[in-house]
Amino acid sequence: MDSSSEGSFGREVAEPMLNEPQTEAVLHAQGPLLVLAGAGSGKTRVITYRVANLLAEHGVPPYRLLAVTFTNKAAAEMRQRLDRLVGPEVVRDLWVGTFHATCARLLRRYHAAVGLSRDFVIYDDSDQKAVVTRILRASGIDEKQYPPKAFLHAIHQAKQDVLLPEDLPSRTPFEKLTRQVYEAFQEKLRAANAVDFDDLILHVMRIGESRTREEGEELRRKFRHVLVDEFQDVNAAQYRLVRALVEGHHNLCVVGDDDQSIYRWRGADVRIIRGFRKDFAEAQVVKLEENYRSTGNIVRSALGVIRRSGEREPKELFTQNPNGAPVLVVATRDERDEAACVVEQIREALRRGVEPKDIAVFYRIHAQSRVLEEAMRAEGLPYQIVGGTRFFDRAEVKDVLAYLRVLANPSSDVDLLRIINVPARGIGAATVDRIAEAASRAGISVHDAVLDRLDACGLAGAASKRVAGFAAMLRSLRAVQDAGPRELAERVLEATGYAKALKDENTAEADARLENVSELLSSLEDYEDEAVAAGGTPTLQDYLERVSLESDADKLGKEGARVPMMTVHAAKGLEFTLVLLTGLEEDLFPYRSPSRERDDLEEERRLAYVAVTRAREQLVITHASTRMIFGTTRYCQPSRFLGDMPEDAVEHAVSRTLSGSMEGRVRPAMFVRETTRQVARETTREAGERYVEMDPDETWLSAGRSVEHTRFGVGKVVRLESAATPPVVIVHFAGWGEKRIVASFLKPA
DNA sequence: CAGTCATGAGTTTTT
DNA sequence: CTCATGACTG
């Protein structure tokens with residue numbers, strides 16, 4: 001699949017495996033181009049070849065070509081492939097990066113246009129939450145009634161849609177408060193010389209759309225070609241940014257798959273890719289429908305799931321690959337039994353010689369991972385959780401980074417407030433409040449208040465002395481001049497006593513934290529080496545930007561000998577020889593929140609499609625009859641998605657534990673309970689077993705009717721096999737296939 | 001001011 | 001169940 005032709009810049013670039021007109025459009029089209037790339041159709045290859053061709057054949061200078069991805073990992077992968085096609089010396093000048101990284105880079109250049117200084121910092125979720133919490137406290141808003149999360153969500157949502165506070169409705173009290181908090185939030189960020197993730201996009205978008213600023217014109221002329229990967233996931237702000245960038249020439253190539261749009265809740269708007277042809281009437285459209293990744297059975301299963309989706313860009317995924325093994329659907333008793341089955345499958349695969357990194361375990365929500373982890377650990381199988389808490393989100397790492405961020409950008413109040421009493425130096429909440437209040441009265445940052453206006457804070461003698469000590473320490477750290485980022489971090493650890501405080505704690509937990517801190521130091525060292533190798537100078541600010549924009553998934557693959565375990569969301573864009581997809585049960589996948597009842601079934605369906613299409617050779621799906629989740633045991637029915645897979649592509653199995661528990665003993669759970677709709681008379685046949693006798697006139701058993709079985713869940717009657725008493729029917733259950741069932745085990749659904 | 005207990009809430013999270 | 005947050009107590 002991966003052409004290894006060693007084309008160097010200027011030489012002709014090998015062509016991807018497409019038919020003639022597709023190749024022509026993909027490689028050479030000017031103007032807008034929409035590539036609808038089905039799962040596994042090799043879209044990365046397409047983008048890579050297009051870029052290579054634009055450079056080699058069309059003479060586009062690398063620094064005038066922008067390729068945008070959504071993850072750092074995808075960007076790195078593209079770089080790597082291009083290295084081989086056109087050579088590293090060309091790739092170095094290319095603009096390849098995520099939306100956020102690209103915007104951060106542009107914003108470092110155009111910072112003045114939006115009133116930021118060059119040293120701006122990027123606030124992550126917890127920083128943002130800290131800001132909102134401070135606003136709520138300052139304005140006396142009850143955090144119980146109006147949780148910070150709600151405001152953050154609303155602000156985030158608004159920004160994705162390019163809405164200012166005054167654009168928001170203000171009918172309900174919450175809406176009124178939201179406007180107020182949003183406004184204060186922006187003010188606080190501005191004062192702290194900080195941006196959030198959305199601002200990175202918005203600021204650059206505003207510059208790009210500006211008719212009055214010369215930077216606007218400059219930005220609009222900057223790139224001759226723009227390519228966007230995973231276009232189904234763009235939001236309104238990102239789309240407007242891209243449109244501004246290509247305004248003069250419309251040389252915009254977007255690649256995506258509306259069936260894989262799974263981030264609507266994060267502002268991604270699948271309508272943008274679906275409406276692309278309306279916005280760019282002259283757009284050429286290429287559909288890539290051949291899947292090169294997976295076996296026939298996997299592709300047909302995926303198709304079965306997605307085909308039932310309502311509105312979608314019509315396409316038929318197909319493959320010429322052999323059918324391969326059927327998709328194995330295993331019914332298990334509970335989540336422990338499920339984990340045991342997963343472990344067994346992994347063992348088996350390892351025995352066959354599959355490498356750990358080519359196996360993956362998926363789940364819908366993180367809460368499922370614990371049991372799976374325990375089973376892996378018990379069996380001595382090495383695994384790696386992808387996602388979850390990022391390394392850079394750990395408290396101790398954030399602490400050290402907060403020190404570094406204050407040194408790089410003293411206006412950042414959130415960072416300063418985080419570290420003012422870490423490690424504990426006797427500066428309590430009351431003192432901190434006083435300082436913060438004095439700072440806000442004087443209209444200066446907390447940092448400046450601490451260093452220059454301490455006497456104006458009205459602190460008691462002891463408190464004042466301690467804060468002065470903190471200020472002196474900061475001053476001496478700021479005076480450090482010729483140290484690289486790593487050395488500076490070491491000095492921070494030393495001067496603040498942070499390392500010592502952890503050592504003195506002398507607990508296993510503290511040791512683990514200490515370990516993370518030294519990992520941070522080695523990350524700084526890696527960065528320095530890398531920067532020097534790239535011919536640049538390592539700077540603290542550059543490092544801080546990187547860590548803000550880096551995710552856990554980016555590191556995946558660096559650990560080769562571990563089985564990765566992740567949520568389905570984290571799996572997008574990845575592929576594995578063997579995929580174990582767990583928890584395919586109603587209410588778990590598709591997920592239904594107990595509180596909200598918003599129906600996001602379509603997105604859940606696309607999520608299932610993404611999960612299935614990750615597998616190259618083998619897909620094993622598990623579901624459990626009961627599951628302990630959030631402390632309560634739930635009874636589970638197989639997911640409707642299982643029923644959407646073609647019968648001939650799937651093989652059903654029952655775990656040993658479950659089949660054991662079904663056999664040879666009284667099965668009270670399987671006997672039907674009387675329902676109101678049933679005209680039935682209960683009689684006792686044998687001791688301990690209760691049957692329900694059916695009225696022979698009942699029509700609820702006719703073909704097509706929905707019936708419910710305590711174990712198999714809801715199914716559809718295929719036909720009545722015997723009208724005896726009780727009658728026997730053939731029923732098709734999602735996830736179980738066709739079953740011959742005595743009607744007394746059924747009730748109407 | 002800094003630990004300890006109670007209470008409550010609980011998807012997914014490329015950046 | 002498990003984590004985070006808030007009130008309470010030395």
Side-chain angles (χ1 to χ4, degrees), chain A residues 68-75 97-104 122-126 128-129 133 143-144 147-149 152-153 156 159-160 195-201 229-230 232-235 237-238 260-268 335 362-371 374 386-390 392-393 395 421-432 460 462-463 466 545-554 556 566-574 583 587-596 598 600 603-604 606-607 610-611 627-633:
Chain A
V68 190
T69 63
F70 269 84
T71 64
N72 293 304
K73 189 167 183 289
T98 63
F99 264 108
H100 295 89
T102 303
C103 286
I122 300 166
Y123 276 2
D124 69 13
D125 294 349
S126 61
Q128 293 165 36
K129 193 172 162 227
T133 306
E143 287 163 63
K144 285 248 167 61
K149 272 181 70 178
L152 270 177
H153 183 252
H156 185 55
K159 287 186 174 184
Q160 307 259 22
V195 296
D196 63 16
F197 291 125
D198 302 313
D199 287 340
L200 285 171
I201 314 285
D229 192 13
E230 304 279 14
Q232 74 280 356
D233 288 333
V234 297
N235 61 38
Q238 290 161 335
Q260 292 184 65
S261 164
I262 56 173
Y263 283 108
R264 191 172 79 174
W265 50 276
R266 281 190 113 237
E335 73 280 357
F362 296 167
Y363 35 82
R364 177 71 233 298
I365 61 174
H366 285 299
Q368 291 171 254
S369 77
R370 215 197 73 243
V371 178
E374 278 166 7
V386 179
T389 7
R390 282 179 352 145
F392 293 107
D393 284 343
N421 194 34
V422 176
R425 47 174 76 93
I427 304 174
T431 309
V432 173
R466 295 198 191 105
E545 178 173 313
R546 278 185 196 220
V547 304
S548 303
L549 300 177
E550 189 175 296
S551 82
D552 203 51
D554 298 329
L556 182 68
M566 66 194 89
T567 64
V568 178
H569 283 91
K572 202 183 71 167
L574 307 176
D587 295 349
L588 181 60
F589 200 173
Y591 187 84
R592 257 192 39 206
S593 158
S595 50
R596 266 203 307 279
R598 202 176 80 250
D600 254 347
E603 186 140 316
E604 293 292 316
R606 294 193 291 265
L607 195 54
V610 168
R627 182 178 297 275
M628 169 98 127
I629 209 154
F630 296 142
T632 48
T633 299

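Order of the sequence lines sets the chain letters (A, B, ...), proteins ahead of strands, with each chain counted from 1.
Contact between the side-chain N/O atoms of Lys129(A) and the OP1/OP2 oxygens of dT5(C) is found at a separation under 4.0 Å. A sub-4.0 Å separation between OP1 or OP2 of dT2(C) and a side-chain N or O of Arg370(A) is present. A sub-4.0 Å separation between OP1 or OP2 of dT14(B) and a side-chain N or O of Thr69(A) is absent. Within the structure, every side-chain polar atom (N or O) of His366(A) is placed at least 4.0 Å from both OP1 and OP2 of dG10(B). The side chain of Thr632(A) contributes no N or O atom lying less than 4.0 Å from OP1 or OP2 of dC1(C).
Closest to the side chain of Ala424(A), out of dC1(B), dT14(B), dA2(B), is dA2(B). The side chain of Ala430(A) lies closest to dC1(B), out of dG6(C), dC1(B), dG10(B). The side chain of Arg266(A) lies closest to dT13(B), out of dT13(B), dG6(C), dG10(B). Listed candidates were dT11(B), dA2(B), dG6(C). Nearest to the side chain of Tyr591(A) is dT11(B). In this structure, of dC1(B), dT11(B), dT14(B), it is dT11(B) that holds the atom nearest to the side chain of Phe630(A).
Residue contacts for Asp233(A): at a heavy-atom cut-off of 4.0 Å it reaches a base atom on one of the strands shown. Residue-level contact check: Glu604(A) touches the bases, meaning some heavy atom is under 4.0 Å from a base atom. Gly428(A) comes within 4.0 angstrom of sugar-phosphate atoms only, judged by non-hydrogen atoms across all strands, and of no base. Tyr263(A) comes within 4.0 angstrom of a nucleotide base, judged by non-hydrogen atoms across all strands.
The gap from the P atom of dT13(B) to that of dA4(C) amounts to 16 Å, rounded to the nearest Å.
Ion pair Glu604(A)/Arg592(A) not flagged as a salt bridge, since none of the NZ, NE, NH1 or NH2 atoms sits closer than 4.0 Å to an Asp/Glu carboxylate oxygen.
Remark: C1' of dT14(B) and NZ of Lys73(A) are 12 Å apart, rounded to the nearest angstrom.
Counting heavy atoms from C-beta outward, His366(A) and Thr567(A) have side chains that approach closer than 4.5 Å.
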